[in-house]
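In what follows, a structure is listed as structure tokens, so that the remarks can point back to it.
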Amino acid sequence: MTIKRLFQEAERLLSEAGLVGVKVSPPKSPEFGEAFTPYPFEEARRSGGNPLSLAESIVSRLGRGEFIGHVEAAPPGFINFHADWARFSAYTVREVLRLGPREYGGSREGEGRVVLVEHTSVNPNKALHIGHARNVYLGDTIARTLAKTGYQVYVLNYIDDSGAQMASVLLGFLELGMPAEPPLGVRFDEYCGDQVYVEVSRRVEADRRLEERLRALAKKIEERESSEFKYARLVSDKVLSNQLLTCWRLGARYDLLFRESDVVVSGLWSKTFNILQGRGIVYLAAEGPNRGCWCVDLSSHPVLSKEGDEILVKSDGSTTYVARDIAFALWKLRDSDVEIRGREWGVNPDGTPIIITETETGAPIVFPRPEKVITVVGSEQRRPQEVIRYVLTKLGVNGGRYLHYSYERVSLSPDSARRLGVESAEARAVQMSGRRGIYIKADEVLDELKRLAAEEVRRRHSDWPAGKVDETSEAIARGALRYSILRSEADKAVVFDLREATRLEGDTGPYIQYSVARSYRILEKAADAGLKAKPTPHGPLTSEEKMLVRSISFLPLTIEMAAKSLRLRQLVTHSRELAVNFNEFYEKCPVIDGGEHAQFRLALVEAYIVAQTSLMELIGIPVLREM
RNA sequence: GGGCCCGUAGCUCAGCAUGGACAGAGCGCCGGCCUUCUAAGCCGGAGGUCGAGGGUUCGAGUCCCUCCGGGCCCGCCA
């Protein structure tokens, strides 16, 4: 497809000249052509010759290609292949228009293979903050990227409805007399997180006896028949349906909502525990600090052995999160035969159904055995995730099938922290804390972005009805936040600054959206003028045209690499590069008044829309025809 | 103490996985461009010991080692 065709051709020319198996790569800069190889350096190392003269000699032996215009030996010894722009641009534009935004850039690389992606997994006692948003964006983009390259992708959201955090809000409702309903106009998930959880955490910290109550509650909610269990489900379900509203705004979709409590009540945990006991992977500690707990023996792990064994079952008989997650991991991998039941919860915005686990009344949940399970979890959970992987390996599972997609956390800039009344020492970033109420909610940011975007929209379109302004500014807000978070590679800590994140100009989502809106306007004007698109250029291309064709043609390569490495940032970079190239083209190359160039340029604009739309759908930035 | 991640322009970040051709954007700052397809845009300018030091190599921002600075983990929390 497009650039790969040119690569193949370059490699064919090399092999016909006797250099079999020599690969070409994408050059750093367009001045070095569309493909290059540093092969002469390797050859020179072996033979002791001069790289440049070797390069020249190789170039002189090369035949002619269809899409390669000329090949040069460049000092100090590279071989650069330059496209024949007339032919290559016609081929690229035609190919892109033929495939359309759904197919262009994608591949069948993963066809017939299944991957399970777990993301979001926010405790159902609070609304999503921007740290959670990063998780959702990363997980959702991974899912989209794998789907684009042909994988069958299942998306899971793990609902941690047992454990201490859940017990906290329950303690507030059941024992501390906090109202079960939020104040008027406040969403339930926000009420639980902003008020109940924060207040309970404050009081527990001040009163040691409440800590006891909390532990007792945490144990109680693992017992299926208890009223606490039922109440926990009620609260968790209410919070969950609120959280999902935010997730839709973030652009996510899910196939399965897996309630953690079902790991226990379905028997998945006890079955797993039996296996772990049978294999001698866990032991009951008879003495020491872990007395009375069932622990994983980590003594033979090269690193974890230094930190003591991991507790799976507490001395009061309740399970830890790692225990439940081991059982869950086995099930995700399809290496447990325990049947999990579920029912339809609702539908995604795209119309696909969402199943939620329901041990008592549901129907069996079936999906194919995944080649890989990807769990999107913050880097602070590296240790427990490694424990899980280690136990899986002990059970005979190929550890490579269980991938922890780790990302660094989101903290608040001193300026943004100050808005929450938190003063940071010496201008340092402030860590968010759900317990202490220090965080910025995803919806707050989206609302602020939407407000700013609406101002801009109204200024440009005083005649637009309110509904259209609303729709457009919502799409701009969504694109802006998603872009600003995905801009940073996962292993980079993000310092969130509200002012920085709510920009609508420069290196932002709206910049991309705007370039597409502009291109749609050209299409509209062209139709009015009766102009017909034609993929074949008239005469030599301008440098702006070449650059635009170039970055359009490289898209399949970028997506392929992103799917392989899961470095999602390069998708964002490519989208921006496409938009930059389009804006420069827009500035320098009139389409409607382009005379003999008009038809080709119109086709090129169409190809830009196809390529950029394909990529924006992958990154999750809404496409707008007008803004 | 042990382990993991990060350190590139005043600020926010690309580039490092597969070493190669002048280290790139954006924001901010200075100066230009709207009777011409939406100026949420474009053009130009100033701004860098790629944290420091060693090593490997014909060649290191990129690989290896040491150190310094920042973050995270090492809980009967998740």
Are any side-chain N or O atoms of A:D309 and backbone N or O atoms of A:C295, one a donor and one an acceptor, separated by less than 3.5 Å?
no

Which part of the nucleic acid, if any, lies within contact of A:N80, taking any heavy atom under 4.0 Å across all strands shown: a base, the sugar-phosphate backbone alone, or nothing?
base

Given Watson-Crick or G-U pairs with both distances under 3.5 Å, what dot-bracket string fits RNA chain B, with | for other-strand pairs and [ ] for crossing?
(((((((..((((......[...)))).(((((.......))))).....(((((..]....))))))))))))....

The residue, A:D491 or A:F36, whose nearest nucleotide of RNA chain B is more 5′ is A:D491

Name the nucleic acid region contacted by A:C295, choosing base, sugar-phosphate or nothing; use a 4.0 angstrom heavy-atom cut-off, strictly under.
nothing

Whole-Å distance, A:D415 CG to B:G28 P, equals 15 Å

Exactly one candidate in A:I79, A:L52, A:V59 meets side-chain contact (heavy atoms from CB on, under 4.5 Å) with A:P40; the answer is A:I79

Heavy atoms under 4.0 Å, any strand shown: does A:V204 hit a base, just sugar-phosphate, or nothing?
nothing

Respond yes when some side-chain nitrogen or oxygen of A:Y407 is under 4.0 Å from OP1 or OP2 of B:C5, and no when none is.
no

Between the base of B:C22 and the side chain of A:E31, is one N or O donor paired with an acceptor at under 3.5 angstrom?
yes

Sequence neighbours left out, what passes side-chain contact (heavy atoms from CB on, under 4.5 Å) with A:A563? Give chain and number order.
A:T145, A:T149

Using 0.5 Å steps for rounding, measure from the CD atom of A:E471 to the CD1 atom of A:I476.
11.5 Å

With the criterion set at under 5.5 Å between ring centres and under 30 degrees between planes, would B:A21 be stacked on A:F78?
yes

Are the aromatic ring centres of A:F78 and A:F41 under 6.0 angstrom apart?
yes

Need one value for A:P590: base, sugar-phosphate or nothing, where a base atom within 4.0 Å counts as base even if backbone is also close, heavy atoms only.
base

In terms of side-chain heavy atoms, does A:Y158 have a donor or acceptor partner in A:E260 at a distance below 3.5 Å?
yes

To the nearest Å, how far apart are A:N50 CG and B:G20 P?
20 Å

B:C34: syn or anti, with syn meaning chi within 90° of zero?
syn

Below 3.5 Å, does any donor atom in the side chain of A:R487 face an acceptor in the base of B:A14, or the other way round?
no

So, is A:Y511 close to the B:C42 phosphate, meaning a side-chain N or O under 4.0 Å from OP1 or OP2?
yes

Between B:C16 and B:C6, how many Å separate the two C1' atoms, rounded to a whole number?
13 Å

Select one nucleotide: of B:G15, B:A40, B:A39, the one nearest the side-chain heavy atoms of A:E489.
B:G15

Would you mind reading off the distance between A:R518 atom CZ and B:C42 atom C1', rounded to a whole angstrom?
8 Å

Protein proximity profile, nucleotides 55-62 of chain B - base contact B, sugar-phosphate-only contact S, no contact -, cut-off 4.0 Å on heavy atoms
---B--B-

Nearest-neighbour nucleotide for the A:N583 side chain, B:U12, B:A21, B:G41 considered
B:G41

Once you apply a heavy-atom cut-off of 4.0 Å, does A:A74 come out as touching a base, just sugar-phosphate, or nothing?
base

Rounded to whole Å, the CD-P distance (A:E456 to B:A39) equals 14 Å

Pairwise 5' ranking along RNA chain B for A:F585 and A:P75, keeping only the more 5' one:
A:P75

Looking at the side chain of A:R460, which of B:A21, B:C37, B:A40 is the nearest nucleotide?
B:A40

Quote, to the nearest angstrom, the C1' distance that separates B:C33 from B:G70.
43 Å

Reading nucleotides 72-78 of chain B 5' to 3', which nucleotides get B (base under 4.0 Å from a protein heavy atom), which S (sugar-phosphate only), which -?
SSS-BSB

Which one of A:R382, A:R383, A:R389 satisfies the salt bridge (Lys or Arg N to Asp or Glu O under 4.0 Å) criterion with A:E386?
A:R389

Inter-nucleotide C1' distance (B:C27, B:A46), Å rounded:
15 Å

Does B:C16 have its OP1 or OP2 closer than 4.0 Å to a side-chain nitrogen or oxygen of A:R567?
no

How long is the line joining CD of A:E544 and P of B:G41, in whole Å?
18 Å

Going by atom types alone, do A:S413 and A:R418 pair a side-chain donor with an acceptor below 3.5 Å?
no

Do A:F81 and A:F36 make the cut of ring centroids closer than 6.0 angstrom?
no

A:Y608 OH to B:C37 C1', straight-line distance once rounded to whole Å
15 Å

Heavy-atom side-chain proximity of A:L170 to A:M166 below 4.5 angstrom
yes

State which of B:C27, B:A17, B:A25 makes the closest approach to the side chain of A:R503.
B:C27

Take atom P in B:G69 and the same atom in B:C76, then report the distance between them in whole Å.
31 Å

From OH of A:Y586 over to P of B:A40, roughly how many Å is that when rounded to an integer?
10 Å

Exactly one candidate in A:K450, A:R458, A:R451 meets salt bridge (Lys or Arg N to Asp or Glu O under 4.0 Å) with A:D470; the answer is A:K450

So, using ring-ring contact (aromatic ring centres under 6.0 Å, His included) as the criterion, who are the partners of A:H132 when residues are at least two apart?
A:H129

In whole angstrom, give me the gap between the P atoms of B:C65 and B:A25.
33 Å

Measure from NZ or CZ of A:R576 to the centre of the six-membered ring of A:Y511, then state whether that distance is under 6.0 Å and the direction lies within 45° of the axis.
yes

Under 4.0 Å, heavy atoms only, any strand: does A:L304 hit a base, just the sugar-phosphate, or nothing?
nothing

Separation between the P atoms of B:C68 and B:A21, rounded to whole Å
32 Å

If you look only at pairs with a residue in residues 284-317 of chain A, which of them pass as a ring pair (Phe, Tyr, Trp, His ring centres under 6.0 Å), with sequence neighbours excluded?
A:F273-A:W294, A:H301-A:Y390

Rounded off to whole Å, could you give me the CG-to-P distance for the A:L449 and B:A40 pair?
17 Å

Tell me whether the NZ or CZ atom of A:R518 lies within the 45° cone about the ring axis of A:F582 and under 6.0 Å from its centre.
no

Can you tell me if A:K492 touches the phosphate of B:U12, counting only side-chain N or O atoms and a distance under 4.0 Å to OP1 or OP2?
no

Need one value for A:A218: base, sugar-phosphate or nothing, where a base atom within 4.0 Å counts as base even if backbone is also close, heavy atoms only.
nothing

Take atom C1' in B:C43 and the same atom in B:C34, then report the distance between them in whole Å.
14 Å

Spacing of the P atoms in B:G61 and B:G51 (rounded, Å):
10 Å

